[in-house]
Amino acid sequence: MEEVDEQELHVERVAALDLGKAVLEACVRVPHESRPGRRMQEVRGFATTTSALLQMAGWLRRWGVTRVVMESTSDYWKGVYYLLEAEGFECWLVNAREVKNVPGRAKTDKADAVWLAKVVERGMCRAVAGAPQTHP
C-alpha cells in the first residue's frame, strides 16, 4: 500500500475495477491509517474466475470497501457485478463514455482502475440510470 495525497471525498473506502474478459485490475483507495487527510491505494490484478473473484471480495472486505465501481464495458461486468453484489458490496455500474470524458484519464488498465477510483471517491460520476444498483 502506498500513501497518496487527495482532495475532498464523497466515498471514503472505494474500489474501482477495470474489466477484461479473463482478467481485471482492481484499485482500492482508503484513508491513511495514521495521517489524517491522506489516502492509501493498492492495485491488484485478478482473474475473472469465480474463485479469483471470491479472493478479491475477501481482499476488498479486509480494506473495508463500501462501494465497488466498474464501467459498463461489453458484458464483462455482469459476472463480476452480480458476484460482488451477492457478497454484500454496494456496486455501481458507470457509463464508460461519461467517465472517459473526465480530464486526466489514464491509458493503461492499471492506471484506468486508479483513475476510476479517484473519479468516484470525488463524486465526479454517477451510476448508470436504470442499471442494477445495490444499496446495503
*Between Arg39 and Glu12, is there a donor-acceptor pair closer than 3.5 Å when you use the side chain of the first and the backbone of the second?*
yes

Quick one, [X] and [Y] - any side-chain contact, counting heavy atoms below 4.5 Å?
X	Y	value
Trp59	Arg62	yes
Leu17	Val69	no
Leu116	Asp18	no
Arg67	Trp92	yes
Met56	Leu84	yes
Val114	Gln41	yes
Leu93	Met70	yes
Glu25	Cys27	no

*Full working for side-chain contact (heavy atoms from CB on, under 4.5 Å) between Tyr81 and Phe89*: CA-CA 9 Å; Tyr81 184 100; Phe89 290 96; over 6 Å; no

_Hydrophobic cluster membership, Leu54 vs Leu19, 4.5 Å side-chain cutoff_ = yes

_Taking Tyr82 as the starting point, is it possible to reach Val65 by hopping between hydrophobic residues whose side chains are less than 4.5 Å apart?_
yes

*How many angstroms lie between CZ in Arg29 and CE in Met40, if you round to the nearest 0.5 Å?*
11.5 Å

*Think Arg13 forms a cation-pi with Trp63, using NZ or CZ under 6.0 Å from the six-ring centre and within 45 degrees of its axis?*
no

_The test is side-chain contact (heavy atoms from CB on, under 4.5 Å); show your working for Thr66 and Val14 and say whether it passes._
CA-CA 6 Å; Thr66 58; Val14 65; over 6 Å; no

*Set of side chain to side chain donor-acceptor pair (under 3.5 Å) partners for Glu87, sequence neighbours left out*: Arg61

Atom pairs and distances, donor-acceptor, side-chain atoms in residues 44-53, under 3.5 Å, two or more places apart:
unit_1: Arg44; atom_1: NE; unit_2: Glu42; atom_2: OE2; d: 3.0
unit_1: Arg44; atom_1: NH2; unit_2: Glu42; atom_2: OE2; d: 3.3
unit_1: Thr48; atom_1: OG1; unit_2: Lys21; atom_2: O; d: 2.8
unit_1: Thr48; atom_1: OG1; unit_2: Ala22; atom_2: O; d: 3.3
unit_1: Thr49; atom_1: OG1; unit_2: Ala52; atom_2: N; d: 3.3

